[in-house]
There are 2 protein chains.
Amino acid sequence: MSETIAPPHSATSTGTLEVTDRSRLRRSHPRGHFDRVTIDAILDAQPLCHVGYSIDGAPYVTPTLQWREGDHVYWHGSSASRALKASKGAQVCLTVSILDGFVLARSGFHHSVNSRSVMLFGEAFRVEDPEEKLLKLTRFVDGLFPGRYGSLRPDHAQDLKATTVLGLKIEEGAAKVRTGGPSDEDEDYALPIWAGEIPVRTVVGEPIPDPRNLEGVEMPDHVRNFRMK
Amino acid sequence: MSETIAPPHSATSTGTLEVTDRSRLRRSHPRGHFDRVTIDAILDAQPLCHVGYSIDGAPYVTPTLQWREGDHVYWHGSSASRALKASKGAQVCLTVSILDGFVLARSGFHHSVNSRSVMLFGEAFRVEDPEEKLLKLTRFVDGLFPGRYGSLRPDHAQDLKATTVLGLKIEEGAAKVRTGGPSDEDEDYALPIWAGEIPVRTVVGEPIPDPRNLEGVEMPDHVRNFRMK
């Protein structure tokens, strides 16, 4: 099945998001980016996201995985999930962030982190059509592990029913990116203080086969070659 | 200065948070933890957090760094920050999450991730006293890089004024932890499908000294020995 499906992230993103009151960066303007190339690259590099929603006016932030298809991001969960029920048809903020390093300056004030993040705002919608929902879930799994979905036991109808997929159009939001070393006050460069950057990154460890795998079942390429972008 | 300061995270945490309507886990109950040992270990292992707050009823999720001191978590930012102004004295949700791996099952439905996360709820307060604020910031930096604050150019008064520190008492919230391999339907274990776990972790790269460091300034131990817990 998977070979008939267009790869996720396939759309070419050349646009720029309109700056709104919600997405405008108040500070550190030069770090703000509204172009889809920058935004999409961050979304595609980090499946972990944090979705903010409200219940009775109080904010909640739930970590979950997101995936992008063209002009939308999607996430999923149990149809019984309070988070998903509260998000559907409601305003949400979906934030993806990648910590790239710690920036050590010559004063406490100028310490910083190198990071890439995206905040998206809008009304979350539920993918209602069962076939479309299955297609979204297929693309989610195959986006991480190319070709895996077709190798799996097909979904039971009740499992699909028990799963909700939410989506959000990429139309309001901003990316924020900081790279490079510290930026100190001019006079502080004369001080004998070590300054610099400590990079951090996510690495993939050796896959751990389930002890109950049948004999002769080989590790597929989509496992062996899995990397965090 | 730093040697006179008690190490952050120093309090022994033996309590258990009361389960509230907000913090009760609706699903996956066995993955929920309310004991402070579990909660504190996650907070102390991952400085990156996502703070959820509301502006005009709409949710926002801002990535920032948090640090724990005893029964509180703190985060900071520009005093001009919209995020901090909207959070002060308001209900927030502070979420810390660590992705430990991808869990590949024999059906799409049972795919999962191994992760550790904490959601904390409550009213954020601002640290008003200037000396206490400086102490908090000192502990923040020294918590990551032991002894660094005392080696820095002392803060300018206006920099401290321009910095806001917010805090949240650890009293309402929950941790969620998943570990181990896939959990498939009994009959699916007979299928010749590779299942297992792909671990991921954050690693620290080689520190990059600022090219403008003075000659003879050596890399301090708090840089050389820095590790993500």
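Below, chains carry the letters A, B, ... as their sequence lines are ordered, and counting in each starts from 1.
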Can you tell me if [X] has over 12 outside heavy atoms packed within less than 6.0 Å of its [atom1]?
{"X": "A/E132", "atom1": "CD", "value": "yes"}
{"X": "B/D56", "atom1": "CG", "value": "no"}
{"X": "A/E131", "atom1": "CD", "value": "no"}
{"X": "B/Q158", "atom1": "CD", "value": "yes"}

Of the listed residues ([options]), which shares the most heavy-atom pairs with chain A below a 4.5 Å separation?
{"options": "B/T202, B/V203, B/T95", "answer": "B/V203"}
{"options": "B/G101, B/G181, B/P47, B/G108", "answer": "B/G108"}
{"options": "B/L191, B/V200, B/V61", "answer": "B/V61"}
{"options": "B/P192, B/A190, B/P199, B/G216", "answer": "B/P199"}

Any chance you could measure A/R201, atom CZ, to B/M228, atom CE, to the nearest 0.5 Å?
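The distance works out to 12.5 Å.
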For the CH2 atom of A/W194 and the NE2 atom of B/H222, what is their distance to the nearest 0.5 Å?
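Atom-to-atom, A/W194:CH2 and B/H222:NE2 are 7.5 Å apart.
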Among [options], which residue forms the greatest number of heavy-atom pairs with chain B at distances under 4.5 Å?
{"options": "A/T62, A/L48, A/D159", "result": "A/D159"}
{"options": "A/E197, A/Q91, A/E215", "result": "A/E197"}
{"options": "A/A58, A/P182, A/S117, A/G57", "result": "A/P182"}

Could you tabulate the donor-acceptor pairs under 3.5 Å formed by side-chain atoms of residues 207-214 of chain A, not counting sequence neighbours?
unit_1 : atom_1 : unit_2 : atom_2 : d
A/D210 : OD1    : A/R212 : N      : 3.0
A/D210 : OD2    : B/R106 : NH1    : 3.1
A/D210 : OD2    : B/R106 : NH2    : 3.3
A/N213 : OD1    : B/R106 : NH2    : 3.1
A/N213 : OD1    : B/A195 : N      : 3.0
A/N213 : ND2    : B/A195 : O      : 2.9

Between [X] and chain A, with a heavy-atom cut-off of 4.5 Å, which part of the residue counts as in contact: side chain, backbone, both or neither?
{"X": "B/R24", "result": "backbone"}
{"X": "B/L137", "result": "neither"}
{"X": "B/A83", "result": "neither"}
{"X": "B/L104", "result": "both"}
{"X": "B/M219", "result": "both"}
{"X": "B/E185", "result": "side chain"}
{"X": "B/V51", "result": "backbone"}
{"X": "B/A90", "result": "neither"}
{"X": "B/I55", "result": "neither"}

Among A/P63, A/C93, A/S97, exactly one meets side-chain contact (heavy atoms from CB on, under 4.5 Å) together with B/H50. Which residue is that?
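Exactly one option meets the side-chain contact (heavy atoms from CB on, under 4.5 Å) with B/H50, and it is A/S97.
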Partner set under side chain to side chain contact (heavy atoms under 4.5 Å, CB included) for B/S107, not counting sequence neighbours
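By the side chain to side chain contact (heavy atoms under 4.5 Å, CB included) rule, B/S107 matches A/R153, B/F109, B/H110, B/D184, B/D188.
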Give me the ring orientation class for B/H111 and A/F145: parallel if the planes are under 30° apart, tilted from 30 to 60°, perpendicular past 60°.
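Geometry flag for A/F145 against B/H111: tilted rings.
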Given A/I198 and B/V223, is the side-chain contact (heavy atoms from CB on, under 4.5 Å) satisfied, shown in steps?
CA-CA 7 Å; A/I198 305 180; B/V223 173; 3.8 Å; yes
